[in-house]
**Student:** 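Have a look at this one.
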There are 2 protein chains.
Amino acid sequence: MARWEPNARERLEAAAMELFQTRGYVATTVQDIAAQAGLTERTFFRYYTDKREVLFGRTEELQALIVDAVGKAGPATPPLDSVVGALEAVAPILEGRREHGKARYALIVAHPELRERELIKLTTLAAAVAEALRARRVPEPAASLAAEAGIAIFRIGYDRWIADAKSKTLSPHLRAAHKELKAVVGGQVVSTAARTKSGAASTPKPKGRGRS
Amino acid sequence: MARWEPNARERLEAAAMELFQTRGYVATTVQDIAAQAGLTERTFFRYYTDKREVLFGRTEELQALIVDAVGKAGPATPPLDSVVGALEAVAPILEGRREHGKARYALIVAHPELRERELIKLTTLAAAVAEALRARRVPEPAASLAAEAGIAIFRIGYDRWIADAKSKTLSPHLRAAHKELKAVVGGQVVSTAARTKSGAASTPKPKGRGRS
DNA sequence: CGTCTGATGTCAGACGCTGACATCGCGTCT
DNA sequence: AGACGCGATGTCAGCGTCTGACATCAGACG
């Protein structure tokens, strides 16, 4: 029998989620979490640099999977499509923990400090995706922009998936956001009062140099 | 003669910038800042909710200007164009404080906690811009996506402007990022080895970009 | 002249987080 | 088997961030 119970990390994570939901995030002390997990405050900080980090322990694995999926896309796939494809490939994992995700999401939305942490995680993810695209010979700044666009699609798609009580799957929301983004950036969606035609951006003027 | 020196807020801000640059962000305590400004730690926290906030005091005004500019764009302007236009309208203000911006930027890049704060400010800005677009009858999710895209353009354009020692003006960088984003989302920029997506949705929309 | 107000100071304390050092089961080497 | 080192955890002390409660006092205002 080991000197200590195993899975300290998971115990801390579970304890945190439970206490956050019952007492609230601010009212829960790191000491509380550690005690609930049968550990010490000091030990908590050996596993997590931060009180907030305990809610983001799984993001690294997810990022690795996404980056991997981006790298595996066919060479003919346009960058943004490969990013969205990678997100869809990972969607099932999120779909499997929808309830947990929803509770976590509620906490994050309600607490700016958690929102900040999530944003930097997403930004880190975007940077990693951009790097993966560069590895596939996508030039800058197209790589960064495709990554940013992909993350924006993910954010909006995820939000809507969580908000949509009916929807079991995430992918359709991602595809919808992707399609909308294309329309917006392509200049096709304008105010209901103004049609495409008048806008400058819709001028079908193919400024020369097509291919490559 | 007033009981206290006026402009406490500005004094705190100036003191903070100076100390952050000389001693470094972490090595500077709130007490140091307050003392340098001739005030008390407690008073610092009356002006800024946070140690970090002292570096973001001006963002609200900027946001108001941008939102205002979005609201003033012509009704026929496509949403993303009006966002980029609003950013360009505000660019001169940033251009006037390039050195300050550069120093501040260096601090932010070097300290994750500051990066987090900046990200949430940008996200707040994006939400405000989306709201302004909705007020202009741009439907969701186009409004949110256009706002997100605009902020991504701003981020990348600003980064490159700061990095580019030669460039005095920000607007060209914004326009360049905008153009690149159109290309990326339109599916025209792909790996050097591959062509436009073979199958579907890649509408061969010739990024018209008229204007100017 | 008295009162009220608002910006600041003082004080005490909770909480987040860190460095330094102690503990002690367990595997390993000899 | 016995000595030894390792690694996860505990203990302790302490700094810095941030907050609530209350005191102070110059100037505005009646």
**Student:** Classify Phe44(A) by what it touches in the nucleic acid, base, sugar-phosphate, or nothing, heavy-atom distance under 4.0 Å.
**Tutor:** nothing
**Student:** Under 4.0 Å between a side-chain N/O of Tyr47(A) and OP1 or OP2 of dA8(D), yes or no?
**Tutor:**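 Answer is no, no contact under 4.0 Å.
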**Student:** If you look at every strand shown and take non-hydrogen atoms under 4.0 Å, does Tyr48(A) touch a base, only sugar-phosphate, or nothing?
**Tutor:**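 No contact.
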**Student:** With under 30° as parallel and over 60° as perpendicular, where do the rings of Trp161(B) and Tyr158(B) fit, or are they tilted in between?
**Tutor:**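 Correct class here is perpendicular.
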**Student:** Among residues 18-36 of chain B, which ones have heavy-atom contacts with DNA chain D below 4.0 Å?
**Tutor:**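 Listed by number, they are Thr28(B), Thr29(B), Val30(B).
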**Student:** Checking contacts here: which listed nucleotide (dC17(C), dT17(D), dT8(C)) is nearest the side-chain heavy atoms of Leu39(B)?
**Tutor:**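 Closest nucleotide to the Leu39(B) side chain: dT8(C).
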**Student:** For the residue pair Arg98(A) and Tyr105(A), would you count it as a cation-pi contact if the rule is NZ or CZ under 6.0 angstrom from the ring centre and within 45 degrees of the ring axis?
**Tutor:** no
**Student:** Check this one for me: any side-chain N or O of Thr43(B) less than 4.0 Å away from OP1 or OP2 of dT8(C)?
**Tutor:**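 No, outside the criterion.
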**Student:** Looking only at the side chain of Arg42(B) (C-beta and beyond, no hydrogens), which of the listed nucleotides dC11(C), dC18(D), dT11(D) gets closest?
**Tutor:**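 Of all the options, the side chain of Arg42(B) is nearest to dC11(C).
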**Student:** Which of the following nucleotides, dC18(D), dG9(C), dC17(C), is nearest to the side chain of Arg46(B)?
**Tutor:** dG9(C)
**Student:** Scan side-chain atoms only and decide if Tyr48(A) and Glu13(A) contain a donor-acceptor pair under the 3.5 Å cut-off.
**Tutor:** yes
**Student:** So which nucleotide does dC12(D) pair with, by the Watson-Crick or G-U wobble rule with both distances under 3.5 Å?
**Tutor:**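 Partner of dC12(D): dG19(C).
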**Student:** Where the side chain of Phe45(A) is concerned, which of dT10(C), dG10(D), dC17(C) is the nearest nucleotide?
**Tutor:** dC17(C)
**Student:** Could you check Ile66(A), Thr59(A), Val67(A) and say which one makes a side chain to side chain contact (heavy atoms under 4.5 Å, CB included) with Gln63(A)?
**Tutor:** Val67(A)
